[in-house]
Amino acid sequence: MSQLTSSEQEKVRSLLGREPTETETGIFTVMWSEHCSYKSSRIHLKKLPTKSDRVLVGPGENAGIIDIGDGIAIAFKIESHNHPSFIEPFQGAATGVGGILRDIFTMGARPIAVMDALRFGPLDDPQNGDRNKRIVEGVVSGISHYGNCFGVPTVGGECVFEPCYNGNPLVNVFALGVFKHDEIFFGRATGIGNPVIYVGAKTGRDGIHGASMASAEFTEEAMANRPNVQVGDPFMEKLLLEACLEAMKTGAIVGIQDMGAAGLTCSTSEMGSRAGTGIDFDLKYVPQRAENMTPYEIMLSESQERMLLVAEKGREQEVFDVFKKWGLDAVTIGTVTDDGMLRVRNHGVVVAEIKNRDLADEAPLYDRPHAVAPYRPAALEMPAAHAAKLTNRNSTADLLALVGSSDLCSKRWIWEQYDYQVRTNTVAGPGLDASIVRIKDTETSIAMSLDGNARYSVLDPREGAKLIVAECCRNLSVVGAQPVAATNNLNFGNPERPEIMAQLVESIEGICEACIHFETPITGGNVSLYNETLGEAIWPTPVLGIVGLMKTAAPAPIAFPKEKLDVVLLGGLGPADHQRLGGTQFAKVILNDIWGLPPALDMDLEKRLHSAIREIVNAGLVDSAHDLSDGGLAVALAESSAQGIGADIALDSTLAPELLLFHEGPSRVLLSTTQFDKIAAIAAKHKVDALRIGTTMSGRLQIRNGSATLVSVDVAMLRKTSEEALAGKLELAHA
Amino acid sequence: MARVAVDVVIKPEILDPQGKAILAALRRTGHPGISSVRQGKHFDLEVDETVSNEDLEEIAAHLLANSVIEDWTVTRLDQQEQVQR
Amino acid sequence: MARVAVDVVIKPEILDPQGKAILAALRRTGHPGISSVRQGKHFDLEVDETVSNEDLEEIAAHLLANSVIEDWTVTRLDQQEQVQR
Amino acid sequence: MTARIGVITFPGTLDDVDAARAVKYADAVAVPLWHADADLRGVDAVVVPGGFSYGDYLRCGAIARFSPVMTAVKKFANDGGLVMGVCNGFQILCESGLLPGALLRNRGLKFVCRDVTLEVQTTNSPFTQNASKGQPLRMPVAHGEGCYFADDATLDQLEAEDRVLFRYKDNPNGSLRDIAGVLNEGRNVLGMMPHPERAVEPLLLSSDGTGSSDGLVILQSVSAACAAIHA
Ligand SMILES: Nc1ncnc2c1ncn2[C@@H]1O[C@H](COP(=O)(O)OP(=O)(O)O)[C@@H](O)[C@H]1O
Ligand SMILES: [Mg+2]
């Protein structure tokens, strides 16, 4: 459990001019925790680009908001629930979904899509495999339970396994909502004398200190100390959503904020500090589920499904009526004041009295040392022993191993548990490069992609971050969307270690460079630090969520749909070498190793490729489209074949087979088409290569290079290997 | 062969949304005399004589219940006696 | 105030895939002595003196259990006695 | 005269908006009905849509059946009114006793969201009168408890009386005899797990090859049956 440091305690004393009460100490501890105050990351986050013509609300609010035309806006954000998901996977993941959904609808937007980025320890880990399986099952069913019952489609995500997540799984959830420009609400307590109203679930002793727990490493002691588990009630959240949106329509609500981390403390002080006002309230009015709760416990409880709102004085009844209709508690607990103080009473007696500004603006800010090389647990060159293993390989067997590996196999076992089509907006659900939801009654759709390849980040955090942004934007472009804005979740280890802090700083700076280059300003995000268990830090894992806009239309499938189409590799074969093979899935699955550098990214070329592929797909010139990412060319071919028919591919390259087939150089897209000439013309215009590499055919995927046949495999075999892998590894095939 | 019942309930301090919803339904359908409902799981096991009380306790704690949020009791039905921890 | 337990189990002739999955897990983790597992629901109610045995029976039969697929027992815990139908 | 089809909203209902939209696609008027009102507003037919009414706590549909609107729906159905329950709506109708049987946890123990193919078993119903016997219909399922169960005698009777309306070609949940939808004795109440209201526009999910508007034929049948009542 993180506590205030002695200098922080000193600062509290000097701000208050006296000793804090027990409740005040609790309030400062959570508000100044890493989770709430971003004290280690704030000075670096300031570097991020946050503006464009479309950005209506940038970082700092509950979610970022961008304009999408027609008077419509979207709000979106990503949030982590890593620690709780380790302690209790089902509830931890479920309440993670609940939390991010509240962030969206507290701004007035109706959530229309969720995506999840998951990281687990390997399912076949000798020591932790069984526990990892239970965590996977728990997390996926928790997300499924909450999202499905709330009624928001979970339209995609990603799921990766590495040993560094054995003791520290990651659950990052992205949510996106839609509303009109004039329906936007803020978490501001404006209007002196206005009533402060508590709505939703009763307050219990749940998750007390969740925020400060999320700011400390796991120790044996913390694991034994488990009363922090919060239980989510998605049904209550659905009622809360409908009631809040309906109450907002009355015009009687002035400001509204969800109670997330640090519950009542955070919502009251943030609403006050944003508006420059104070809030004076009495805990005796707070609906309570448990008996004899102390002021400290009520202020720090993280019971779920609660909101705080400020109404226009005299119009409370309109608000109460709406909440009553939906069967929810709504009670006035205090008023907005002009003195800027957070004043908490318990049956009239003041138990805490703090300037709101002191909690928000005076929070500590650290420039933690980072002038060292980022922590890097891998050699720079390919270990010599691998050279021998690379000769005379059976590339067909390697491809099957990759297609059936836990990172690359079909994630159907996961996403079929999610209702990815409720509310009938899902144009493209899980399974495509990007997911697409249409905005009803407009011609616009939103495409979205989550990515975060930590193998690249651990080898070079700056280049890794750029590659992630590039991949997200490439995924969006492949379905025809223009990337417009981003959110990010920075999952790192202990920032008090300079080599970890260096990873964080390098990653943030890489995101900056790439987001400027690809014109996707960051509108918000989340930082999750101290992802370490028993001294073992996770790899640096920045996860980007990027959204794009497109005219509503069905995108091309990934699948090769029919015979005798030209197979085209837009962007060409690309350069490759063995140093840059070290971060690939080939290195991981086949050689069980990691070394070297991530694939080389030319951001100018990448951006030209995005323009070219958008123009090509939007002109309706392709029968299928799929970008190259993990696993490289051969895996992309296998995926397009497994979902459709096969192909006969003839390459002519001097690259060694493992490089040719499996290098992960970016800036490449695989197409099938009957209109190669038109595609080549568009590609030439954008100065991008368009290489005709083969023809689609039924039954088999065959890859030749010159006179050598590298791969020859049954499409049915590819499909079976990909589709059955995950359930098989989870040992559920026979359950 | 013996019959064993294991009852698993959510710990008292932890929210039980199911129980809450059932209680609300009972209120609406005219049962004001019920003041609390908690929903849990019930398992009926058939075990042979090789299964000791310690085995049962371990099965309940590790497989049937989630000790982070649930409590449990193990009862041998033929003896109507609760297994002590 | 009295405490009442209601246990609801799927009828024996109906397949219980959850119970089967648990049994399979027990086999895998080395508990061959368990020959059958059936999973059901357990309810803990707190009731006042206005609530008769007939009321409890009716609540169990009409709300807590679905008689098409489930059987149930009602037990007043203070008396450890099963309410007779 | 245009058919007026009621769509019920319980706390926790999710598919009411989609159902209302689908009703409009079938050239009928959607009339919102609220769980707390016992008034059906003079509608010609009622859709009990999917979702998680009352959180689906206890058993799916078990709590919703006690709501005032369901008292009205029971009376409406007993008087011959057309009632169609989809997904959670099917569960509610079974729990209410308007349809035989019950819906158990999926055999695979997981929630499953997937496109399935149904086969129309009979056109002798107001819900399938515009379809043809044996017609395959593609539409999604999305449920955790959709395994249809009834005892053998009941199943035999359903079959003997031609009351199995749809069967799965690719059973996703373990339903007995692949049953996806059943009728009541009066043939005026339908329950089905798959979602016709989600399959009214080919655009959605078309790139997986799953985009379908096959659900329309069911809603159009209802719409036509309502119009016939007026005629
Ligand atoms: N945890 C998950 N939840 C939902 N969908 C997932 C999840 N993991 C993977 N998917 C889906 O599986 C497909 C393949 O994922 P991935 O290989 O990560 O895509 P890409 O390489 O294009 O980013 C995507 O459509 C993705 O949405
Ligand atoms: Mg992709």
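Bear in mind that the values here come from a model prediction, so they are computed numbers and not experimental data.
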Exercise for the section: Report, as yes or no, whether the 6.0 Å neighbourhood of atom NZ on A:K720 holds more than 12 heavy atoms from other residues, nucleotides or ligands. Expected result: no
Exercise for the section: Kindly compute the distance separating CZ (D:F111) from CG (A:D419), expressed to the nearest 0.5 Å. Expected result: 4.5 Å
Exercise for the section: Check whether A:K440 gets within reach of chain D through its side chain, its backbone, both or neither, counting any heavy atom under 4.5 Å. Expected result: side chain
Exercise for the section: Nearest 0.5 Å please: distance from the CG atom of D:D18 over to the CD atom of A:Q421. Expected result: 9.5 Å
Exercise for the section: Measure the acute angle between the ring planes of A:W326 and D:W34, then classify it against the limits of 30° and 60° as parallel, tilted or perpendicular. Expected result: perpendicular
Problem - Contact class of A:R438 relative to chain D, heavy atoms under 4.5 angstrom - result: side chain
Practice task
Can you establish whether the number of heavy atoms outside A:K202 located under 6.0 Å from its atom NZ is more than 12?
Solution key: no
Exercise for the section: Rounded to the nearest 0.5 Å, what's the gap from CZ on D:R21 to CZ on A:R423? Could you check? Expected result: 11.0 Å
Exercise for the section: Flag the pair D:C113 / A:Y418 as yes when at least one side-chain heavy-atom distance between them is below 4.5 Å, and no otherwise. Expected result: no
Problem - Part of A:T552 lying under 4.5 Å from any heavy atom of chain D - result: side chain
Problem - Heavy-atom contact with chain A under 4.5 Å, split by part of D:V112 - result: both
Fill in the blank from the handout: Separation between CG (D:N106) and CD (A:Q417), nearest 0.5 Å, reads 10.5 Å
Handout entry: Sub-4.5 Å side-chain heavy-atom contact between A:V427 and D:L204
Key = yes
Handout entry: A:Y420 to D:R114 - nearest heavy-atom pair and separation
Key = OH-CA, 4.1 Å
Exercise for the section: Mind listing the closest non-hydrogen atom pair of A:F235 and D:F52 along with its distance? Expected result: CD1-O, 4.2 Å
Handout entry: Segment of A:N148 engaging chain D (4.5 angstrom heavy-atom cut-off)
Key = both
Exercise for the section: Evaluate the side-chain proximity of A:T424 to D:E197: yes if any heavy-atom separation is below 4.5 Å, no if none is. Expected result: no
